[in-house]
Amino acid sequence: MRVLVTGGAGYIGSHTVLELLKAGHEVTSLDNYSNSSPESLRRVCELAGKPVKAWEGDVRFQAFLRDLFMGNRYEAVVHFAGLKAVGESVAMPLHYFENNICGTNNLLAAMQLSDCRRLVFSSSATVYGVPRKNPVDESHPLSAANPYGRSKLVIEDICRDLAASEPGWNIALLRYFNPVGAHESGRIGEDPRGVPNNLMPYVMQTAVGRHPFVKVMGTDYNTPDGTGVRDYIHVVDLALAHVAALERLSDFRGAEAVNIGTGKGASVREVIAAAVKAVGKPIPSQDSTRRAGDAPAVWADPALAHRKLGWKAARDLDAMCADHWRWQKGNPEGYRP
Ligand code: NAD
Ligand code: UD1
């Protein structure tokens with residue numbers, strides 16, 4: 001299939017571009033490099049032994065998108081381009097709404113104009129808010145705790161409204177749980193700018209000496225060891241879920257949401273223990289207070305993904321840590337030289 005991947009140079013985008021190329025698709029990336037660099041795509045080409053067409057451009061620029069779609073006749077789009085830092089979204093809500101919501105609206109308009117109605121969209125488990133029960137399935141009530149989460153909810157609604165307005169749209173709204181890890185080669189991985197908010201990159205950066213210790217944020221939750229529980233998913237499994245969704249888009253009637261998780265929760269202490277095993281040396285940590293807004297525990301019911309996509313996560317927490325560590329050790333400053 002001829003596929004446009006927006007945000008193709010980013011963390012999940014670069015791994016997905018690689019798996020799409022390996023599956024034989026013709027891939028073009030569109031990225032403004034606001035949170036990535038073209039180096040990730042250069043390495044993807046190296047790993048795939050194939051070229052990727054890469055456009056530097058912004059999904060907020062309507063005329064540019066229109067020309068791109070009219071000139072290329074893409075058959076499907078995988079849409080990652082967006083901003084994702086929760087704290088930043090609280091500080092700059094309008095910037096998040098413009099980038100994420102307006103950007104997606106433009107993209108859908110350009111797709112409609114060029115008669116391309118097949119989309120895989122990066123949604124998030126954040127749309128479930130603090131879950132009432134675990135595992136969380138797709139029928140769980142939706143809510144937004146911050147502007148980032150609201151942008152995902154609004155985009156899901158826009159997709160549903162658009163699909164209801166005219167026949168022919170096939171849209172997969174993939175709700176990711178917690179993506180971690182890196183390609184097993186250690187050549188591509190997550191390269192957060194500034195200090196990471198998420199647990200796994202913080203743990204791995206601590207292991208290479210970029211931070212003195214990991215803060216265990218909350219030890220008094222009602223969980224087996226008192227620390228927060230999440231459903232961590234290997235980024236290569238997540239990338240493969242996109243390939244599966246793309247290839248089964250005709251089974252999506254309108255816009256449908258699917259959880260992408262492993263179905264297993266791991267606590268902060270379990271993550272740190274698995275990372276210590278992968279790294280082969282102690283990683284300093286200190287107990288600390290809860291982070292405001294955090295859910296005690298969140299893990300997915302991934303049954304729909306099995307049924308609808310024929311997809312199941314294959315990589316466990318040890319593999320996630322081993323692969324993430326290989327990337328971090330080989331690229332302590334990320335893609336920067
Ligand atoms: P990322 O920041 O690494 O990738 C996003 C890419 O989009 C970057 O390369 C960035 O430069 C590009 N981009 C941003 N705004 C753009 C714009 N206006 N035009 C063109 N390109 C633009 O993030 P990621 O972790 O790969 O996440 C990809 C998608 O998945 C995001 O939409 C994110 O919200 C969603 N998501 C991520 C997670 C996670 O934990 N990483 C969890 C759930 C959902
Ligand atoms: C965060 C985002 C969420 C996003 C998700 C995946 C917030 C409030 N939520 O959620 O919107 O969808 O990432 O990108 O930012 N922890 C520590 N020490 C740390 C960092 C985290 O103990 O330095 C704990 C947290 O309290 C949590 C667990 O580790 O229990 C995982 O945290 P994180 O990686 O930030 O993911 P989420 O909390 O799921």
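Numbering of ligands and ligand atoms starts at 1, following listing order.
Inclusion of Y202 in the set of residues having an N or O under 3.5 Å from an N or O of ligand 2 is not warranted. Checking only distances, N32 does come within under 3.5 Å of ligand 1, N or O to N or O. Polar contact check, Y148 against ligand 2: no nitrogen or oxygen pair lies under 3.5 Å apart. The shortest N/O to N/O separation between K84 and ligand 1 falls below 3.5 Å. The shortest N/O to N/O separation between Y176 and ligand 1 does not fall below 3.5 Å.
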Legend entry - Candidate pair F177 and Y232, rule ring-ring contact (aromatic ring centres under 6.0 Å, His included), full reasoning: CA-CA 7 Å; F177 281 66; Y232 297 93; over 10 Å; no
Inset, instruction - Using the ring-ring contact (aromatic ring centres under 6.0 Å, His included) rule, take Y128 and W299 through it: C-alpha gap first, then chi angles, then the decisive distance, then the call. - result: CA-CA 11 Å; Y128 297 122; W299 70 92; over 10 Å; no
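Counting heavy atoms closer than 4.0 Å to ligand 2, residue Y232 contributes side-chain atoms (C-beta onward) but none from N, CA, C or O. Looking at D31 against ligand 1, both its backbone and its side chain come within 4.0 Å, counting heavy atoms. Under 4.0 Å from ligand 2, heavy atoms of M217 appear from its side chain as well as its backbone. Counting heavy atoms closer than 4.0 Å to ligand 2, residue N178 contributes side-chain atoms (C-beta onward) but none from N, CA, C or O.
The shortest heavy-atom contact between V136 and N259 is O-ND2, 2.8 Å.
Closest heavy-atom approach to atom 32 (O) of ligand 1 within the set Y11, F61, F64, F80: this belongs to F80. Of all the listed residues (G10, A81, A9), G10 holds the heavy atom that lies closest to atom 4 (O) of ligand 1. For atom 7 (O) of ligand 1, the choice among G103, G7, S151 with the nearest heavy atom turns out to be G7. Summarising the contacts of atom 15 (O) of ligand 2 with V86, V203, N146, the nearest heavy atom is found in V86. Heavy-atom proximity to atom 5 (C) of ligand 2, evaluated over T126, N198, V127, L199, is greatest for N198.
Within ligand 2, counting atoms from 1 as listed, the ones closer than 4.0 Å to a heavy atom of V268 are 22 (O), 24 (C), 28 (C), 29 (O), 30 (O). Near K152, the atoms of ligand 1 lying under 4.0 angstrom from a non-hydrogen atom of the residue are 31 (C), 32 (O), 33 (C), 34 (O), 35 (C). Listed by number with element, the atoms of ligand 1 under 4.0 angstrom from any heavy atom of G57 are 19 (N), 20 (C). Near N197, with a cut-off below 4.0 Å to any heavy atom, the atoms of ligand 2 are 20 (C), 35 (O). Every atom of ligand 2 with a heavy atom of S124 under 4.0 Å away is listed here by number and element: 12 (O). The contact set between ligand 1 and S36, taken as ligand atoms under 4.0 Å from a residue heavy atom, comprises 8 (C), 9 (O), 11 (O). The contact set between ligand 1 and S122, taken as ligand atoms under 4.0 Å from a residue heavy atom, comprises 29 (C), 30 (O), 32 (O), 35 (C). The K215 neighbourhood of ligand 2 comprises atoms 17 (C), 18 (N), 19 (C), 22 (O), 23 (O), with distances under 4.0 Å to a heavy atom of that residue. Near V216, meaning under 4.0 Å from one of its heavy atoms, ligand 2 places the atoms 22 (O). Counting the atoms of ligand 1 from 1 in the order shown, those under 4.0 Å from a heavy atom of Y33 are 11 (O). Of all atoms in ligand 1, numbered sequentially from 1 with element shown, those under 4.0 Å from a heavy atom of R60 are 18 (N). Residue S123 approaches ligand 1 through these ligand atoms, each under 4.0 Å from one of its heavy atoms: 43 (C), 44 (C). Close contacts between ligand 1 and S34 involve ligand atoms 10 (C), 11 (O), 13 (N), 14 (C), 15 (N) [criterion: under 4.0 Å to a heavy atom].
In this structure, CZ in F64 is found 6.5 Å from CH2 in W55, a value given to the nearest 0.5 Å.
Remark: the backbone N or O of T16 is not paired with any side-chain donor or acceptor of H242 at under 3.5 angstrom. In terms of modelled atom types and a separation under 3.5 Å, the side chain of N170 and the main chain of F252 share a donor-acceptor contact.
Note on E46 versus R43: no salt bridge recorded, every NZ/NE/NH1/NH2 to OD/OE distance being 4.0 Å or above.
Ligand 2 lies nowhere less than 4.0 angstrom from a heavy atom belonging to G218. Within the 4.0 Å heavy-atom cutoff, Y11 does not count among the residues contacting ligand 2. Not a single heavy atom of V214 lies less than 4.0 angstrom from ligand 2.
Under a hydrophobic-cluster definition in which Ile, Leu, Val, Met, Phe, Trp and Tyr are linked whenever side-chain heavy atoms come within less than 4.5 Å, directly or via other members, I171 and V258 are assigned to different clusters.
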